[in-house]
Amino acid sequence: MNHFAAIRDKLGAYGVDAMLLTNEANRFYASGFHSAGTDGVALVTRDQAYYWTDSRYIEAARQQVQDAEVGLATVGRGYAALINEAVARHGLKTVGFEDEYMTVSEHKLYQDKLNAELKGATRLMTALRMVKDDAEIEALIGAQRIAERALSEIYHDMKAGVTEKEIAAKLTYLMLRYGAENMSFDPIVASGANGSKPHAVPSDKPIAAGEFVTMDFGCIYHGYCSDMTRTVAIGYVTEEMDKVYHTVLAAQSAGIAAAKAGVSGCDVHNAAAKVIADAGYGEYFGHGFGHGVGVEIHESPRASATYKEPLPAGAVISAEPGIYIPGRFGVRIEDVIIIKEGGCENIHRAPKELLVLP
Ligand code: ZN
Ligand code: ZN
C-alpha cells in the first residue's frame, strides 16, 4: 500500500510543485515503508516520486517501496543534495514541507541548501490521511481484531491479587502473539483509585474485589493502529459504580448516534458530554470524546469541544467518553468508528455490557 499518487493529485491545490516528507508517519503513509525516526526522506513531484534513505534501510527500502525511485543517501551526497538533483531534473520552484512537524534547525538547513522555495503544506497530508481508503480500513480492522482477541483471553487472568503491570504485560504479549507488529501505545491498566487518572501508568498495585479495572490498549497491524478501552469490575460493584458505568455507556451511544459526515467534531463531543452532565458528572469528564486513528494513534480529525470543522466521510475516530472521580474510581469505554454519510460504522465487536469478573 502506498499513497504517492494521492499526494501527487493534491499538489496543485496546495500551490506546490512537490511535497517533501521527513515526518515518519507521513513517509510511511506515502511509501508504505517504515524506517525509524528521521532516517529517510520522500519527495513526491508531479511526475516522479523518490524515497531516499541511508545504508541501514536501503536494502529493505529497495524491496518494499513501489512506484518510486529509491536512492541511497551518503555522507558526500546527503538528502539536501539528492533533493536538489530532483529540483533541477523536474524544474521545481516551490516545495511543500511539513510545517507542523519539521524542527526549526531542519527547516533552516533545508532553507539554506535547497534551490527551491519551501512552503508549509502539512495540511495536504492531514486532509488526505483523514479520509481512509479500503486498504487502510482493512488494516485498522485487522489491528482491532487482534486487540479483541487479546482482551477476551485476558479476562481469564484478571483475579484479585494480579497486578496492573502483569495485566499490561500479558496484553502486550497476547497482541504480539496474535500478529501485532507493535503496540500502538503503552497499554494503560488502571484499577480502583488509579482509574480516575485517564492516562495512568500500570503499577505494581494488585487489583482487588470491588474495584473497576480500566484497560486502554491497541496494536499496530500493517502500519495502522487500533485503540480500545474496556472497564470491568472485580467481584462486585456498588450502586454508584453501576450508575457511573451506565452513564458512560449511554454517553458513548449518544456520541455514536450523532456521528455522521458533515457533523462537526464538537457536536459529536457535546452529544456525549450532555449525557454525562445531565447525570450530574459533568465536572468529571475533562477530555475529548474522540480522536482520529490511523498511521498514528492520535491524528486528525477530532471530536472534541474545540473542533468546529465537519467530520468527513471516511474519517476514523475513537468514541471514548469517561467519568473520573478523583481518589475514588474511573470508567472509560472506547470503540473506533468509521464516519459515513448519514451515520457511522462501529468496527469494534467486543461486548460492552457491565462485566463483573468473579
Ligand atoms: Zn485508547
Ligand atoms: Zn483513544
Side-chain angles (χ1 to χ4, degrees), residues 36 140 142-221 223-235 237 241 244-245 248 252 286-287 290-291 293 295-298 318-336 347-352 354-358:
L140 286 161
Q144 181 50 35
R145 294 293 169 267
I146 292 169
E148 284 166 0
R149 196 170 165 194
L151 178 74
S152 65
E153 262 186 54
I154 200 76
Y155 288 146
H156 303 300
D157 295 283
M158 294 180 64
K159 294 181 170 52
V162 174
T163 70
E164 295 172 352
K165 265 189 196 166
E166 285 175 301
I167 296 167
K170 187 77 183 276
L171 278 172
T172 303
Y173 166 78
L174 288 171
M175 287 190 280
L176 290 172
R177 165 128 202 250
Y178 294 138
E181 289 155 13
N182 205 342
M183 302 301 101
S184 34
F185 57 94
D186 291 338
I188 294 166
V189 179
S191 61
N194 290 345
S196 70
K197 302 177 205 87
H199 278 190
V201 176
S203 73
D204 292 319
K205 176 193 168 302
I207 63 175
E211 287 184 342
F212 272 137
V213 183
T214 300
M215 292 171 286
D216 186 349
F217 60 101
C219 66
I220 300 174
Y221 178 70
Y224 285 76
C225 294
S226 65
D227 192 5
M228 77 181 304
T229 307
R230 288 294 180 269
T231 300
V232 299
I234 308 298
V237 287
M241 287 164 75
V244 167
Y245 187 90
V248 173
Q252 195 207 33
H287 59 74
H291 55 84
V293 182
V295 173
E296 290 175 287
I297 186 63
H298 295 132
S318 67
E320 52 174 312
I323 293 175
Y324 312 94
I325 307 175
R328 299 190 56 215
F329 65 89
V331 172
R332 179 167 65 258
I333 303 168
E334 176 180 30
D335 290 349
V336 167
I347 70 169
H348 284 216
R349 296 282 172 269
K352 289 183 283 193
L354 175 56
L355 181 61
V356 182
L357 295 168

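All residue numbers in this chain count up from 1 along the given sequence. Computed from a predicted model, the values in this text were never measured in an experiment. Any value given below was found using the heavy atoms of this structure, including those in side chains, with hydrogens, waters and symmetry copies removed.
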A.B. asks: Give the intermediate values and the outcome of side chain to side chain contact (heavy atoms under 4.5 Å, CB included) for residues F217 and M183.
C.D. replies: CA-CA 8 Å; F217 60 101; M183 302 301 101; over 6 Å; no
A.B. asks: Are any of the side-chain nitrogens in R349 or D335 under 4.0 Å away from the carboxylate oxygens of its partner?
C.D. replies: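 Here R349 does not pair with D335 in a salt bridge, since their nearest N and O are not under 4.0 Å apart.
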A.B. asks: Heavy-atom distance under 4.5 Å between the side chains of E153 and K170, does that happen here?
C.D. replies: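 No, every pair of side-chain atoms sits at 4.5 Å or beyond.
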A.B. asks: To the closest 0.5 Å, what do you measure between CD1 (I333) and OG1 (T229)?
C.D. replies: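 I333 CD1 to T229 OG1: 9.5 Å, rounded to 0.5 Å.
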A.B. asks: In chain order, what residues pass the side chain to side chain donor-acceptor pair (under 3.5 Å) check against K205, with sequence neighbours excluded?
C.D. replies: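 Listed in chain order: S191, E211.
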A.B. asks: Where do T172 and P187 come nearest, in terms of heavy atoms and distance?
C.D. replies: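 T172 and P187 have their closest heavy atoms at OG1-CG, 3.5 Å.
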A.B. asks: For H348 and E148, does a side-chain donor sit closer than 3.5 Å to a side-chain acceptor?
C.D. replies: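 The criterion, which ignores hydrogens and geometry beyond distance, is not satisfied for E148 and H348.
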A.B. asks: If you round to the nearest 0.5 Å, how far is CD1 of I167 from CD1 of I188?
C.D. replies: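 If we round to the nearest 0.5 Å, I188:CD1 and I167:CD1 are 14.0 Å apart.
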A.B. asks: Working to the nearest 0.5 angstrom, can you tell me the gap between L151 CG and Q144 CD?
C.D. replies: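 Between atom CG of L151 and atom CD of Q144 there are 9.0 Å.
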A.B. asks: Would you mind reporting whether V232 and Y245 have side-chain heavy atoms less than 4.5 Å apart?
C.D. replies: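 Answer no - side chains too far apart.
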A.B. asks: Closest heavy-atom contact between P351 and R230?
C.D. replies: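 The answer is O-NE, 3.1 Å.
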A.B. asks: Could you tell me the separation between the CG atom of L171 and the CD1 atom of I154, rounded to the nearest 0.5 Å?
C.D. replies: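 Going from the CG atom of L171 to the CD1 atom of I154 covers 4.0 Å.
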A.B. asks: Tell me every residue that passes ring pair (Phe, Tyr, Trp, His ring centres under 6.0 Å) with Y224, counting only those two or more places apart in sequence or in another chain.
C.D. replies: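 Listed in chain order: nothing, the list is empty.
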A.B. asks: Are the side chains of V213 and M158 in touch, meaning some heavy atoms are under 4.5 Å apart?
C.D. replies: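 In contact.
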A.B. asks: Answer yes or no: is there a donor N or O on one side and an acceptor on the other, between the side chain of E181 and the main chain of G223, under 3.5 Å?
C.D. replies: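 Confirmed, E181 side chain pairs with G223 backbone.
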A.B. asks: Any chance the side chains of D227 and H298 put a donor and an acceptor closer than 3.5 Å?
C.D. replies: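 On atom types as modelled, these side chains do not qualify, holding no pair under 3.5 Å.
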A.B. asks: List the atom of V162, the atom of D157, and the distance in Å for their closest heavy-atom pair.
C.D. replies: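 Here V162 and D157 meet closest at CG2-O, 3.4 Å.
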A.B. asks: Show the numbers, then the answer: is there a side chain to side chain contact (heavy atoms under 4.5 Å, CB included) between H291 and E320?
C.D. replies: CA-CA 9 Å; H291 55 84; E320 52 174 312; 2.7 Å; yes
A.B. asks: On a heavy-atom basis, which atom in C225 and which in A143 lie closest, and how many Å separate them?
C.D. replies: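 Closest approach of C225 to A143, heavy atoms only: C-CB, 4.1 Å.
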A.B. asks: With R177, which residues qualify under salt bridge (Lys or Arg N to Asp or Glu O under 4.0 Å), at least two apart?
C.D. replies: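 Testing R177 for salt bridge (Lys or Arg N to Asp or Glu O under 4.0 Å), a comparison that skips the adjacent residues, returns none.
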A.B. asks: First locate atom OH of Y178, then atom CD1 of I146, and finally report the distance between them rounded to the nearest 0.5 Å.
C.D. replies: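 These two atoms lie 11.0 Å from each other.
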A.B. asks: So for atom OH, which belongs to Y155, do other residues, nucleotides or ligands contribute more than 12 heavy atoms lying within a distance under 6.0 Å?
C.D. replies: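 Counting neighbours around OH of Y155, more than 12 heavy atoms of other residues, nucleotides or ligands fall under 6.0 Å, so yes.
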A.B. asks: If the condition is side chain to side chain contact (heavy atoms under 4.5 Å, CB included), which residues does H287 pass it with, not counting sequence neighbours?
C.D. replies: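 Counting only residues at least two positions away or on another chain, H287 forms a side chain to side chain contact (heavy atoms under 4.5 Å, CB included) with P198, F285, Y324, R332.
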A.B. asks: Quick one: side chain to side chain contact (heavy atoms under 4.5 Å, CB included) partners of R328, sequence neighbours excluded?
C.D. replies: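 E240, I325.
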A.B. asks: Quick one: closest heavy-atom pair of S184 and S226, and the distance?
C.D. replies: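 Between these two residues, the closest heavy atoms are OG-O, 2.8 Å.
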A.B. asks: Of all heavy-atom pairs between A233 and V237, which one has the smallest distance, and what is that distance?
C.D. replies: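 Closest heavy-atom pair between A233 and V237: CB-CG1, 3.3 Å.
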A.B. asks: Is there side-chain contact between M241 and F329, with heavy atoms separated by less than 4.5 Å?
C.D. replies: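 Yes, side chains in contact.
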A.B. asks: For a side chain to side chain contact (heavy atoms under 4.5 Å, CB included) check, start with the C-alpha distance between V336 and L140, then their side-chain angles and the critical distance, and finish with the verdict.
C.D. replies: CA-CA 9 Å; V336 167; L140 286 161; over 6 Å; no
A.B. asks: For T231 and T214, indicate whether the former's side chain and the latter's backbone hold a donor-acceptor pair under 3.5 Å.
C.D. replies: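 No: the side chain of T231 does not pair with the backbone of T214.
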A.B. asks: For S152, check side chain to side chain contact (heavy atoms under 4.5 Å, CB included) against everything at least two apart and list the hits.
C.D. replies: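 S152 satisfies side chain to side chain contact (heavy atoms under 4.5 Å, CB included) with no other residue.
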A.B. asks: Before you tell me yes or no, could you show the steps for H199 and D216 under side-chain hydrogen bond (donor to acceptor under 3.5 Å, both in side chains), namely the whole-Å CA-CA distance, both residues' side-chain angles and the distance that decides it to 0.1 Å?
C.D. replies: CA-CA 9 Å; H199 278 190; D216 186 349; 4.8 Å; no
A.B. asks: Going by atom types only, do S203 and E164 share a side-chain donor-acceptor pair under 3.5 Å?
C.D. replies: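 Yes, a side-chain donor-acceptor pair sits under 3.5 Å.
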A.B. asks: Please report the interatomic distance CD1(I220) to CG(N182), rounded to the nearest 0.5 Å.
C.D. replies: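 Atom-to-atom, I220:CD1 and N182:CG are 5.0 Å apart.
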